[in-house]
Amino acid sequence: MATEADERELRAHFEETVAADRRVEPRDWMPEAYRATLVRQIAQHAHSEIIGMQPEGDWITRAPSLRRKAILWAKVQDEAGHGLYLYGAAETLGADRDDLTRRLLEGRQKYSSIFNYPAATFADVGVIGWLVDGAAICNQVPLCRSSYGPYARAMVRVCKEESFHQRQGYELLWTMARGTAAQREMVQDAVDRWWWPSLMMFGPPDAASPNSRRSMAWRIKRHSNDELRQRFVDMTVPQADRLGVTLPDPELRWNEERGHHDFGTPDFAELARVIGGDGPCNAERVARRTAAHEDGAWVREAAVAHAQRRARRTDDSGVAR
Amino acid sequence: MNGTEGVDGGWPLFEVFVRGKRGLNHVHVGSLRAADARMALTHARDLYTRRNEGVSIWVVRSADVTASAPDERDPFFAPSGDKVYRHPTFYEIPDDVPHI
């Protein structure tokens, strides 16, 4: 048992590590609240990647060409990979994989509200890549310098791959925007539906985000929700202009004095409703994840049985002779 | 690496090491769960080398890793701390001596 003096010293060492911008590694001493905050954030992030496979996964069989199918397949596979990197990072904190899955299925851990909106047309696939993955990149690039080493390293991989996601989305829209009038209409319609939910991805406004300040002090987070939201708007406006679409916000305009765009306030009451479970697709997303988990149980059990039989037949390296 | 091993009859945890290209060391890239080492290898390929990141993969059960204590102030590393004479900069040599 650590005495009080020991704990004071350990805490001082932890604070010093974080303040000096060094990384905290798995077996280092860390305050319980730091560990709990990280597990919550990383698990929520991992769940988002896994649930995030669904809106676009629906379009794999309906993508209009083999090229688009192959791209979408690779992207959805990446999302699975991102989820796994992140579950791995959560496990370094002592979280248990099966327990994390259970918490997701029972609604005790959240995932990003954005994935509770439906992907209605193929243009939505493009807009998800451009706006949703674009917003995710804004959120995630600073996490590559997060104070917790395994999380930061996982985010480096994720960010490298997200760049492909965003570009394929923009290219898809670029192609449609140069197509028929009906295609251009589909693009604008998708932008109209996804713009505000994308802005909500940055979370509630700073004043209403009680955990943010502590996460920033611990350097888990590097920028506030509102800073990142502003950065995203500033990045996106010229991309929308080039694409020839209108972002559905009458208050959106360049503010010379601030050197940033002014923009309207997202409907944070809607955000709270969707997070609370009352979005267009919440029940459907969790039901589908639950079905996949239950339908896959025999595969997991068979793999264990197979591994045990192989272990009896071969040496203990697990590699067949 | 937390040594969690097959809780609830689930799959054990493996650590994954990838050699990026010939001439480089294998480097730890993360972990994954698999029923056995062979499955861990194929999962590691799908998870960590989707974009030609590797030419060779090692997997090892996390439970089989023996690690030093994490704290960098740990006396475990003390023996190298006071031996500055192991570094070339310890030795003062006139500036005009060539090739040394």
Side-chain angles (χ1 to χ4, degrees), chain A residues 9-10 13-14 16-17 22-30 74-75 77-78 80-99 101-102 149-150 153-154 156-157 160-161 164 299-311 314-320, chain B residues 1-18 20 26-54 56-77:
Chain A
E9 194 192 330
L10 288 165
H13 182 58
F14 167 85
E16 184 194 316
T17 300
R22 288 194 299 266
R23 296 292 174 264
V24 178
E25 293 294 345
R27 292 159 71 236
D28 289 346
W29 184 91
M30 59 188 88
K75 178 177 189 289
Q77 193 189 13
D78 274 353
H82 297 174
L84 294 177
Y85 303 151
L86 290 161
Y87 283 129
E91 287 197 276
T92 64
L93 291 158
D96 170 59
R97 179 79 59 98
D98 292 333
D99 181 53
T101 304
R102 244 188 327 268
R153 292 192 286 273
V156 169
R157 290 180 162 276
K160 273 187 196 158
E161 298 179 357
F164 139 59
V299 179
R300 295 190 295 276
E301 287 158 18
V304 171
H306 183 66
Q308 284 166 351
R309 201 178 55 157
R310 189 197 301 276
T314 62
D315 68 14
D316 64 2
S317 71
V319 177
Chain B
M1 285 184 265
N2 62 353
T4 308
E5 179 77 3
V7 276
D8 303 357
W11 296 345
L13 197 63
F14 287 82
E15 301 302 322
V16 181
F17 301 79
V18 172
H26 285 77
V27 173
H28 183 243
V29 293
S31 58
L32 53 75
R33 288 192 175 269
D36 63 12
R38 184 180 156 138
M39 185 191 214
L41 268 185
T42 52
H43 280 188
R45 175 199 61 197
D46 294 344
L47 186 56
Y48 290 106
T49 62
R50 283 197 301 285
R51 290 176 174 77
N52 304 318
E53 291 96 333
S56 165
I57 300 174
W58 292 345
V59 293
V60 56
R61 277 180 188 247
S62 309
D64 288 342
V65 173
T66 306
S68 62
D71 196 322
E72 63 201 33
R73 298 166 307 166
D74 191 277
F76 187 73
F77 293 103

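Please read all numbers here as calculations on a predicted model, not as lab measurements. So that the names make sense, note that chain A is the first sequence line, chain B the second, and so on, each numbered from 1. Worth knowing before you read on, the calculation uses all heavy atoms, side chains too, and leaves out hydrogens, waters and symmetry mates.
- Without hydrogens or angle criteria, A/Tyr85 side chain to B/Leu47 main chain gives a donor-acceptor distance under 3.5 Å.
- Residue A/Gly88 comes nearest to B/Ser31 through the heavy atom pair CA-OG, 4.0 Å, listed as atom of the first residue, atom of the second, then distance.
- Taking all atoms of both residues into account, the shortest heavy-atom contact from B/Ala67 to A/Arg27 is CB-NH1, 3.6 Å.
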ask   = side chain to side chain contact (heavy atoms under 4.5 Å, CB included) between A/Arg157 and B/Val29: does it pass, once the steps are laid out?
value = CA-CA 10 Å; A/Arg157 290 180 162 276; B/Val29 293; 3.5 Å; yes
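- A/Arg300 touches chain B through backbone and side chain together, each having a heavy atom under 4.5 Å away.
- Smallest separation of non-hydrogen atoms from B/Ala35 and A/Ala303: CB-O, 3.5 Å.
- Note that CZ of B/Arg38 and CZ of A/Arg310 are 4.0 Å apart. Values are rounded to the nearest 0.5 Å.
- Here the CG atom belonging to B/Asp36 is positioned 12.0 Å from the CZ atom belonging to A/Arg309, to the nearest 0.5 angstrom.
- A/Asp98 and B/Arg33 are not joined by a salt bridge, as no carboxylate oxygen comes within less than 4.0 angstrom of a charged side-chain nitrogen.
- Nearest heavy-atom pair across A/Phe164 and B/Arg51 is CD2-NH2, 3.1 Å.
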